2 protein chains.
Amino acid sequence: MTVRQDIHSSGIPVLCQSCEARHRGVCGALDPHQLVELAKTSSRHSVEPGSELIGDAETVDSYSNVLSGVVKLTKSLSDGRQQIVGLQFAPDFLGRPFKVESEINAEAATAASLCSFPKTAIERMMKESPELEHRMLKQTLNELDEARDWMVTLGRKSASEKVASFLLMIARNIDPTVGPTARSATFDLPLTRADIADFLGLTIETVSRQLTRLRTDGVIRIENNRRVMVDSLSRLEQRSGA
Amino acid sequence: MTVRQDIHSSGIPVLCQSCEARHRGVCGALDPHQLVELAKTSSRHSVEPGSELIGDAETVDSYSNVLSGVVKLTKSLSDGRQQIVGLQFAPDFLGRPFKVESEINAEAATAASLCSFPKTAIERMMKESPELEHRMLKQTLNELDEARDWMVTLGRKSASEKVASFLLMIARNIDPTVGPTARSATFDLPLTRADIADFLGLTIETVSRQLTRLRTDGVIRIENNRRVMVDSLSRLEQRSGA
DNA sequence: CGGTGCCTTGAGGAGTGTCAAGATGGGTGG
DNA sequence: CCACCCATCTTGACACTCCTCAAGGCACCG
């Protein structure tokens, strides 16, 4: 036991030993030596809801792993209309390789903790480690699949289907007890009504009305405007347009 | 001259010698030996508009490069509502690595020519050639950027802004003379009104009305329902919401 | 010359946005 | 502990955009 543990954790930076990104995230592609190198220039930090992570200047020359919380990726039109184009959960990788400037903004939707490292460090390692680039490719492909799923929602679903679809997606990402066979779910919404509206291409009022309707129809229960209980996920799914 | 040509083309399969994908596409990542290997199992073929390329069975175990024409990627809801989630132009790569079944359909929007090869061949080469995976990552990141741009269009733009945005995007992809500084453009629409509607999350009628409005306002001219002339791209851009 | 797709145009209505008011809840300071 | 404030959320009335349904035009083809 002690020997096995020594084998597995020998040389792994303290910072990384209990880090989820080392397993399911991109850091899983790195060997102990590379982890040590990366950890030298890495730092964990916590951010408050609303903190700007990428966008108007600031942290443009670093990448991060999301360790907890939810980060929203947004794009805006010149007149202020906004659209959320992605949500990142742990242990997603945050940043856009091979591009100096991003037209995307990233903002903490909830309290969140991140592990950040300089762009140059990761980009150097990507050149050396095909496995790292392989993981990046896989995550990017997954994000592309998600983006295309949401394009269907944005383009072709009604307001009530959009809200139901959103709740389903959050349930699957937030409630750790929700597997493929789960029948019910409980979770705190990581987004305000305004964020949900920006995610679904609706207004705050429409989101609120649809949530009220789902509540009065007995599909969901809501506590404190944030906590949502879904007794029958399949009933919710029926309303999501599938 | 002859010597130089010999150097550059020595050992390159005939199939590939004049192929655009060898320059701007993923095949640019392969060395002559690998090209020869891949070409052994590759085949070019032309398809007619409407041909199903990925989807209900058929060619699920092969990848392709788009050599000419336009391919539309679609997703559908169970009740038949459809959304186009991407358009592929030459020399884009077509296919979803690391996944057995795709929930995406691909269909030729115009007459198109493709170069296809077995999944296994590419996947083997990706393991051997980091450069190939690097190119795949870059294309995937670009597609993700495009998808997110369209999410803004789908979620936050009005019908007239959507149609203007669509025309701009097509102009930039189709008319070879359109650079960043071009003031005007002429092109054939690669999509029917129904396709445009599926792309923009609108109905055929709304698309038609908005095109008519752009025409009566003098922003575009249309011949034969397909050929579009834009005298002032900046006027069109003003109407795209930017 | 009549079909058959594809596109356009019109009239009317449903669904969502807009504007405005009021409710709720969490935090702060007295 | 209560009073107050502020942000967030809900609800209502109305307007407008876009969808639905229906008819008609146009080009291509047998």
Side-chain angles (χ1 to χ4, degrees), chain A residues 48-50 72 77 79-83 107 109-111 153-167 188-217 220-228 239 241, chain B residues 48-50 72 77 79-83 107 109-111 153-167 188-217 220-228 239 241:
Chain A
E48 299 190 342
K72 56 180 181 175
L77 299 176
D79 63 0
R81 282 174 289 178
Q82 202 174 51
Q83 175 70 42
E107 187 181 324
T110 66
T153 300
L154 288 172
R156 287 303 184 199
K157 289 189 185 175
S158 69
S160 67
E161 289 171 332
K162 284 180 177 179
V163 171
S165 303
F166 170 77
L167 292 175
D188 282 324
L189 287 174
L191 270 56
T192 65
R193 301 291 188 274
D195 284 338
I196 299 172
D198 281 348
F199 192 75
L200 298 174
L202 299 171
T203 60
I204 296 180
E205 295 93 328
T206 300
V207 170
S208 180
R209 279 186 254 267
Q210 297 302 332
L211 284 173
T212 305
R213 198 151 83 83
L214 284 173
R215 186 160 42 74
T216 57
D217 288 359
I220 61 174
R221 284 174 292 143
I222 302 182
E223 276 177 11
N224 294 334
N225 282 341
R226 279 288 185 140
R227 190 153 200 80
V228 175
R239 297 185 176 231
Chain B
E48 300 190 339
K72 56 180 181 176
L77 298 176
D79 63 0
R81 283 175 287 178
Q82 200 175 53
Q83 175 70 43
E107 187 181 326
T110 65
T153 300
L154 288 171
R156 288 302 184 200
K157 289 188 185 173
S158 68
S160 67
E161 289 171 332
K162 284 180 177 180
V163 171
S165 303
F166 170 76
L167 292 176
D188 281 325
L189 285 175
L191 269 56
T192 64
R193 302 292 188 271
D195 283 339
I196 299 173
D198 282 347
F199 192 74
L200 297 174
L202 300 170
T203 59
I204 295 180
E205 295 93 328
T206 300
V207 170
S208 179
R209 278 186 254 268
Q210 297 302 333
L211 285 173
T212 303
R213 198 150 84 84
L214 285 173
R215 185 160 43 72
T216 57
D217 288 0
I220 62 174
R221 283 174 292 145
I222 303 182
E223 276 177 10
N224 294 333
N225 284 340
R226 279 290 183 137
R227 189 154 200 78
V228 175
R239 297 184 177 233

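Only a predicted model underlies this, so the values are computations on that prediction, with no experimental measurement involved. Chain letters run A, B, ... following the sequence lines, proteins first, then strands; residues in each count from 1.
One finds a side-chain N or O of B:N225 lying less than 4.0 angstrom from the OP1 or OP2 phosphate oxygen of C:dT8. OP1 or OP2 of D:dC19 has at least one side-chain nitrogen or oxygen of B:T203 nearer than 4.0 Å. Residue A:T206 has no polar side-chain atom (N or O) positioned under 4.0 Å from OP1 or OP2 of C:dT16.
Listed nucleotides: D:dT11, D:dC18, C:dT8. Nearest to the side chain of B:L202: D:dC18.
In this structure, the side chains of A:R226 and A:T192 come closer than 4.5 Å at one or more pairs of heavy atoms. Counting heavy atoms from C-beta outward, A:T216 and A:T212 have side chains that approach closer than 4.5 Å. Residues B:L211 and B:L167 form a side-chain contact, since some pair of their non-hydrogen atoms from C-beta on lies under 4.5 Å apart. Residues B:I222 and B:L214 fail the side-chain proximity criterion, which asks for heavy atoms closer than 4.5 Å.
At least one donor-acceptor pair under 3.5 Å links the side chain of B:E161 to the backbone N or O of B:S158. Checked by atom type and distance alone, the side chain of B:R215 never pairs as donor or acceptor with a backbone atom of B:R221 at under 3.5 Å. Between the side chain of B:R239 and the backbone N or O of B:A164, no donor-acceptor pair lies under 3.5 Å. In this structure, B:D79 contributes its side chain and B:R81 its backbone to a donor-acceptor pair below 3.5 Å.
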Verdict with reasoning, B:D188 to B:R227, per salt bridge (Lys or Arg N to Asp or Glu O under 4.0 Å):
CA-CA 4 Å; B:D188 281 325; B:R227 189 154 200 78; 2.9 Å; yes
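To the nearest angstrom, P of D:dC18 lies 16 Å from CD1 of B:I196. Nucleotide C:dG26 holds its P atom 11 Å from the CD atom of A:E223, rounded to whole Å. The separation between A:L154 atom CG and C:dT16 atom P is 13 Å, rounded to whole Å. With rounding to whole Å, B:Q210 atom CD is found 9 Å from D:dC19 atom P. Across the protein-nucleic acid pair, A:I222 atom CD1 and C:dT24 atom P stand 15 Å apart, rounded to whole Å. Counting to the nearest Å, the C1' atom of D:dC18 and the NZ atom of A:K157 are 20 Å from each other. Between the P atom of D:dT10 and the CD1 atom of A:I204 lies a distance of 10 Å, rounded to the nearest Å. Rounded to whole Å, atom C1' of C:dA23 lies 14 Å from atom CZ of A:R193.
Positionally, the nearest nucleotide of DNA chain D for A:S208 lies more toward the 5' end than for the other of A:R156 and A:S208.
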Output a table of nitrogen or oxygen pairs between the protein and nucleotides 15-17 of chain D separated by less than 3.5 Å.
none

Could I get a table of every N or O pair under 3.5 Å where one atom is in the protein and the other is in nucleotides 19-21 of chain C?
unit_1, atom_1, unit_2, atom_2, d
C:dC19, N4, A:E205, OE2, 3.0

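Residue contacts shown for B:N224 are absent, as no nucleic acid heavy atom lies under 4.0 Å away. Within 4.0 Å of B:T212, counting heavy atoms only, lie sugar-phosphate atoms of the nucleic acid but no base atom.
Results of the side chain to side chain contact (heavy atoms under 4.5 Å, CB included) test with B:R193 over B:D198, B:T203, B:L202, B:I204 single out B:I204 as the only residue that passes.
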